[in-house]
Amino acid sequence: MLEIFIITPFPDFFKPILNQSMLKKSFERDSVKYNIINLFDFLPNRESRLDDYPFGGGEGMIMKLEPIFKAYESLDSKNSRVIFPTPDGKMFNQNIANELSKEKKLVFICGHYKGIDQRVRNEIVTDEISIGDYVLSNGELPALIMIDSIMRLVPGVLNDYKSAETDSFSSDLLDGPHYTRPREYCGLKVPDVLLSGNHKEIENWFLKERINKTKKNRMDLYKKYKSKNRGEENE
Ligand code: ADE
């Protein structure tokens with residue numbers, strides 16, 4: 001069981017999404033527990049604000065540290081990894097998702113405005129993570145993206161755990177094409193090999209497709225794959 005705590009000024013971001021599809025199944029199957037912590041509950045009074053002007057000047061508002069410290073201290077999550085989604089963090093990938101899926105507890109702190117007081121990052125945050133080289137208006141969407149990719153790796157969430165093993169990025173190859181019924185639609189046919197029943201041939205075909213797609217879309221991954229599989233190339 002993985003317990004996830006999400007500290008956010010906008011809890012409503014999460015409710016509809018956590019209530020759908022695999023994310024919903026992950027808590028129905030008792031594999032992941034989600035706790036959403038509303039930062040506004042940690043303001044000293046109704047007139048207080050979550051943000052303030054930056055010391056030293058500059059554009060944009062900064063999230064204040066007291067509500068975040070108080071929200072964090074209210075959690076039963078000492079020594080847990082604390083993730084701050086930010087475009088200036090290290091790049092998220094499948095290896096990080098795998099590593100985080102093995103934790104017992106994870107805390108996400110969702111930022112807004114121009115940023116958060118650096119003391120939160122220095123004192124509480126253990127992992128500053130970006131989901132890509134572009135800037136979003138909030139930390140909720142990147143937190144949800146990371147949570148989705150982490151929770152599906154927690155044992156008990158996926159019916160077919162093996163399917164996670166052939167995902168793109170689980171090896172250095174991208175995933176290959178998939179087909180289902182009908183065998184033919186308006187002249188569009190499923191490749192014959194998939195209907196042949198010959199498992200070895202199907203496996204070879206799939207590997208070849210994965211290699212070709214990786215070469216076409218991600219030369220960086222293909223080079224990595226090639227250097228690890230020298231001599232065994234099946235092309
Ligand atoms: N917050 C804003 N943009 C982001 C990004 N690209 N990754 C993670 N957090 C973010």
Side-chain angles (χ1 to χ4, degrees), residues 2-18 20-23 26 32 34-40 42-43 49-69 71-72 75 77 80-103 105-154 167-170 174 217-218 220-221:
L2 168 63
E3 194 168 9
I4 297 181
F5 300 87
I6 305 160
I7 299 176
T8 171
F10 295 103
D12 290 346
F13 253 103
F14 294 89
K15 288 168 194 160
I17 294 174
L18 293 180
Q20 306 281 338
S21 183
M22 285 316 300
L23 285 152
S26 68
V32 187
Y34 301 99
N35 305 282
I36 299 168
I37 297 102
N38 186 347
L39 260 184
F40 282 97
F42 295 88
L43 284 176
R49 295 179 56 95
L50 281 179
D51 60 339
D52 210 335
Y53 293 99
F55 279 126
E59 296 294 311
M61 301 295 273
I62 307 299
M63 279 173 77
K64 289 156 70 72
L65 85 171
E66 298 108 308
I68 303 176
F69 266 79
Y72 174 70
L75 307 178
S77 64
S80 302
R81 304 267 292 263
V82 179
I83 297 146
F84 178 58
T86 173
D88 58 16
K90 75 175 170 188
M91 201 60 81
F92 191 61
N93 60 27
Q94 192 69 21
N95 285 340
I96 298 177
N98 246 319
E99 190 189 305
L100 294 175
S101 73
K102 297 190 171 74
E103 296 287 324
K105 294 183 182 188
L106 292 174
V107 181
F108 284 82
I109 298 178
C110 302
H112 272 260
Y113 318 109
K114 177 76 185 151
I116 58 172
D117 191 301
Q118 183 61 33
R119 289 167 287 185
V120 173
R121 296 172 71 154
N122 294 348
E123 300 301 319
I124 301 178
V125 171
T126 59
D127 298 80
E128 300 178 325
I129 306 184
S130 167
I131 60 159
D133 285 340
Y134 43 83
V135 180
L136 300 168
S137 64
N138 61 77
E140 280 77 7
L141 290 175
L144 274 167
I145 284 170
M146 289 186 239
I147 289 168
D148 187 283
S149 69
I150 294 164
M151 69 80 199
R152 63 189 287 288
L153 299 170
V154 175
D167 286 343
S168 295
F169 313 115
S170 288
L174 300 179
N217 292 347
R218 290 289 302 272
D220 57 324
L221 286 181

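Order of listing sets the numbers, starting from 1, for every ligand and every atom in it.
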At their closest point, which heavy atom of Pro85 faces which heavy atom of Gly139, and how far apart are they?
CG-O, 3.7 Å

Residues Pro54 and Ile62: closest non-hydrogen pair is CB-CG1, 3.7 Å

Answer with yes or no whether the side chains of [Y] and [X] bring together a donor and an acceptor at under 3.5 Å.
| X | Y | result |
| --- | --- | --- |
| Glu3 | Asn35 | yes |
| Ser77 | Tyr72 | no |
| Thr86 | Glu128 | no |

Can you find a non-hydrogen atom of [X] under 4.0 Å from ligand 1?
| X | result |
| --- | --- |
| Asp133 | no |
| Gly139 | no |
| Asn138 | yes |

Do any N/O atoms on Ser137 end up under 3.5 angstrom from N/O atoms on ligand 1?
no

Polar contact flag for Pro142 and ligand 1 (N/O pairs, less than 3.5 Å)
no

Are His112 and Ser137 close enough that some pair of their side-chain heavy atoms sits under 4.5 Å apart?
no

Show me which atoms of ligand 1 lie under 4.0 Å from any heavy atom of [X].
| X | answer |
| --- | --- |
| Leu136 | 2 (C), 3 (N) |
| Tyr134 | 3 (N), 5 (C), 6 (N) |
| Ser130 | 6 (N), 7 (N), 8 (C) |
| Val135 | 3 (N) |

Between Lys114 and Asp51, is there a salt bridge with N-O shorter than 4.0 Å?
no

May I ask you to say whether Glu66 pairs ionically with Arg119, meaning some side-chain N is under 4.0 Å from a carboxylate O?
no

shortest atom 4 (C) of ligand 1-to-protein heavy-atom contact is with Pro87 CD, 3.5 Å

Starting from atom 8 (C) of ligand 1, locate the nearest protein heavy atom and write down its residue, its atom name and how far away it is, to 0.1 Å.
Thr86 N, 3.3 Å

Check each of Asp88, Ile129, Ile131 against atom 7 (N) of ligand 1 and report the one with the nearest heavy atom.
Ile131

